[in-house]
Amino acid sequence: MKRSVRPLFSILLLIVFAATLTCRVAIRFGFSQIELENKVLLRAPAPSVFNSTLLKMAAIDMGEAHSKQEIEQLLEGNFASRGRYRTFSSWRKFNKHDIRASSSRGIPLMLRSTEFYRQWLEFRRVLHDWARNKRYQAEIMMELVRQVKLPIDRHNGLVGSDSKYASCAVVGNSGILLEKEYGSLIDSHEVVIRLNNARTEKFGRNVGAKTNISFVNSNILHLCARREGCFCHPYGVNVPIVMYICQPVHLLDYTVCNSSHKAPLLITDARIDVLCSRIVKYYSLKRFVEEEGKPLEKWGSAHDGSMFHYSSGMQAVMLALGVCEKVSIYGFGKLASTKHHYHTNQKAELRLHDYEAEYAFYHDLVNNPQAIPFISDKFKIPPVVIYQ
């Protein structure tokens with residue numbers, strides 16, 4: 001009997017050994033498979049390949065020569081053919097007639113006040129600094145907290161920090177907002193950014209009532225500067241205003257109005273302007289070639305060349321990307337059945353803007369931020385949601 005058990009016992013040992021070996025191989029294979037899957041999941045997305053020709057063309061500022069000439073003339077005090085700016089030196093607020101200091105004909109002389117010279121020197125300083133920054137710098141997005149958020153925090157009595165706002169709503173002016181009731185959702189954000197003094201009264205159900213930052217282009221401030229005290233505060237005198245410059249001469253409006261504003265009146269860094277211009281032009285060129293099938297050399301004539309410009313909404317979104325942890329976009333888009341602006345009767349769009357190119361940019365912000373050119377790889381684009 002003992003002899004008959006030994007072969008059976010040997011077979012059982014062999015089976016146990018084989019099973020153990022098989023389990024070890026299976027476990028090792030399994031861990032290897034998990035490790036491989038994890039590596040695949042953690043693999044960084046492949047960098048986008050940009051069209052070098054489009055990048056090169058987008059970097060060309062067709063209006064640069066004219067802009068430099070205009071800046072040089074303004075620094076010299078030449079306001080020829082610039083509307084009301086020609087009378088800057090004779091503004092009543094800066095001058096007075098002195099009967100005692102009359103001319104040989106007995107006509108009272110106009111004496112310039114010390115305020116005039118102070119404003120003039122400040123204008124030249126601001127214009128010089130702005131013009132000096134008018135260049136491309138990919139890392140400028142990482143400076144927006146310091147340039148924009150910290151001054152606003154100080155105005156609000158807060159201790160400034162490098163932290164960003166938790167959530168921001170950028171509210172556009174599209175007529176599509178009249179078909180939505182986003183008011184409460186918009187007001188729930190920590191910061192609400194509104195554009196070009198768009199009215200909120202009577203539209204609260206659609207666009208909300210809260211405003212933390214008023215974002216305008218300098219054409220808006222130019223109109224405000226004609227009013228007593230440069231009044232440009234539809235959301236209240238304590239709401240900060242952030243502005244980008246459309247024309248260098250508008251810096252005179254900024255200089256004169258800044259002293260009368262209780263809340264911060266901030267100018268966006270010219271490097272942000274250049275970055276916005278390049279991004280929008282790249283998307284416009286790309287759409288012109290790939291979607292419309294037209295030759296690149298025709299783009300300039302189709303989009304007013306040197307006059308081509310991004311919209312206020314586009315730069316407001318760029319501002320939010322730099323100072324907010326999360327960004328929600330409302331009122332960007334159009335329908336044939338709606339007005340261009342929810343608060344006006346304007347129907348037509350400006351030719352110097354390519355809104356379709358900007359919509360393509362917003363789409364990439366949400367779905368494929370790696371496809372956006374010119375922004376530094378060091379800058380992390382926050383999550384973006386578009387509400388249609």
Side-chain angles (χ1 to χ4, degrees), residues 43-64 136-138 140-141 170 172-176 244 271-322 327 329-338 340 347-388:
R43 183 182 299 164
S48 296
V49 178
F50 298 108
N51 185 309
S52 58
T53 301
L54 298 184
L55 288 174
K56 190 177 297 183
M57 289 195 66
I60 298 174
D61 181 1
M62 299 176 71
E64 183 176 10
Y136 169 65
Q137 184 179 349
I140 185 59
M141 291 294 292
V170 182
N173 299 335
S174 172
I176 62 175
Y244 76 88
R271 289 172 290 177
I272 280 286
D273 302 348
V274 173
L275 179 61
C276 290
S277 294
R278 290 193 177 194
I279 290 174
V280 171
K281 189 174 179 181
Y282 178 88
Y283 278 93
S284 183
L285 289 165
K286 192 170 186 289
R287 193 175 71 86
F288 194 74
V289 174
E290 296 180 0
E291 296 183 21
E292 299 183 17
K294 298 177 181 179
L296 280 175
E297 58 269 19
K298 298 288 185 181
W299 179 88
S301 58
H303 289 283
D304 288 339
S306 60
M307 295 295 293
F308 179 76
H309 207 62
Y310 49 84
S311 70
S312 301
M314 188 273 176
Q315 185 162 140
V317 169
M318 290 288 284
L319 171 69
L321 296 177
V327 178
I329 300 175
Y330 302 84
F332 284 66
K334 61 181 179 178
L335 291 174
S337 59
T338 60
H340 184 57
K347 269 286 190 181
E349 297 178 352
L350 297 176
R351 283 191 66 206
L352 55 88
H353 297 321
D354 187 345
Y355 289 104
E356 295 297 333
E358 293 185 12
Y359 298 153
F361 163 65
Y362 303 144
H363 180 272
D364 279 347
L365 279 179
V366 175
N367 300 295
N368 189 20
Q370 291 80 19
I372 300 173
F374 297 115
I375 295 180
S376 171
D377 294 335
K378 300 176 184 177
F379 177 74
K380 183 180 178 182
I381 294 177
V384 177
V385 179
I386 299 176
Y387 289 86
Q388 299 290 356

side-chain contact (heavy atoms from CB on, under 4.5 Å) between Met141 and Ser376, intermediate numbers included: CA-CA 8 Å; Met141 291 294 292; Ser376 171; over 6 Å; no
query: Any side-chain heavy atom of Val317 sitting closer than 4.5 Å to one from Leu319?
result: no
query: Quick check, are the ring centers of Tyr359 and Phe332 under 6.0 angstrom apart?
result: no
- request: State, with a plain yes or no, whether a side-chain heavy atom of Thr53 is found less than 4.5 Å away from one of Leu285.
  value: no
- prompt: Between Ser174 and Gly333, what is the shortest heavy-atom contact and its length?
  reply: OG-O, 2.5 Å
task: May I ask you to check whether over 12 heavy atoms, not counting those of Asn367, lie within 6.0 Å of atom CG?
output: yes
message: What I'd like to find out is whether the side chain of Leu321 reaches to under 4.5 Å of the side chain of Pro382, using heavy atoms alone.
response: yes
query: Within a strict 4.5 Å, meaning less than it, do heavy atoms of the Phe308 and Asp354 side chains meet?
result: yes
- line: Nearest heavy-atom approach of Lys56 to Ile60 is O-CG1, 3.4 Å
query: Can you check whether Lys281 reaches Lys286 side chain to side chain, under 4.5 Å on heavy atoms?
result: no
- prompt: So which heavy atom on Pro373 is nearest to which on Ile279, and how close?
  reply: O-CG1, 3.5 Å
- prompt: How close do Pro295 and Phe288 get, heavy atom to heavy atom, and via which atoms?
  reply: O-CE2, 3.1 Å
Spatial distance of atom OH (Tyr362) from atom OH (Tyr283) [nearest 0.5 Å]: 11.5 Å
- prompt: From Lys294 NZ over to Ser301 OG, what is the distance, rounded to the nearest 0.5 angstrom?
  reply: 9.0 Å
field: Minimum side-chain heavy-atom gap Glu358-Ser311 below 4.5 Å
entry: yes
- request: Could you check Arg278 against Met57 for side-chain contact (heavy atoms from CB on, under 4.5 Å), going step by step and ending with a plain yes or no?
  value: CA-CA 9 Å; Arg278 290 193 177 194; Met57 289 195 66; over 6 Å; no
message: Please tell me whether His309 and Tyr244 form a close aromatic pair, meaning their ring centres lie under 6.0 Å apart.
response: yes
Distance in Å, Ile375 CD1 paired with Ile381 CD1, rounded so as to fall on 0.5 Å steps: 4.5 Å
task: Could you tell me whether the side chains of Gln315 and Asp273 share a donor-acceptor contact shorter than 3.5 Å?
output: yes
message: Measuring only between side-chain heavy atoms, which start at C-beta, is Ile372 closer than 4.5 Å to Tyr282?
response: no
- prompt: Which heavy-atom pair separates Ser284 from Trp299 by the least distance, and what is that distance?
  reply: OG-NE1, 2.9 Å
Any Val289 side-chain heavy atom under 4.5 Å of Leu296 side chain: yes
field: Six-ring centre of Tyr136, Arg271 cation under 6.0 angstrom, axis tolerance 45°
entry: no
message: Please evaluate residues Val274 and Ile272 with respect to the criterion side-chain contact (heavy atoms from CB on, under 4.5 Å), reporting the C-alpha separation (whole Å), side-chain torsions for both, the decisive distance (0.1 Å), and the verdict.
response: CA-CA 5 Å; Val274 173; Ile272 280 286; over 6 Å; no
task: Working to the nearest 0.5 Å, report the span between OH of Tyr310 and OH of Tyr355.
output: 13.5 Å
task: Tell me, with the steps shown, if Val327 and Val385 meet side-chain contact (heavy atoms from CB on, under 4.5 Å).
output: CA-CA 6 Å; Val327 178; Val385 179; over 6 Å; no
message: Under a 4.0 Å threshold between the charged nitrogen and the carboxylate oxygen, would Glu292 count as salt-bridged to Arg287?
response: yes
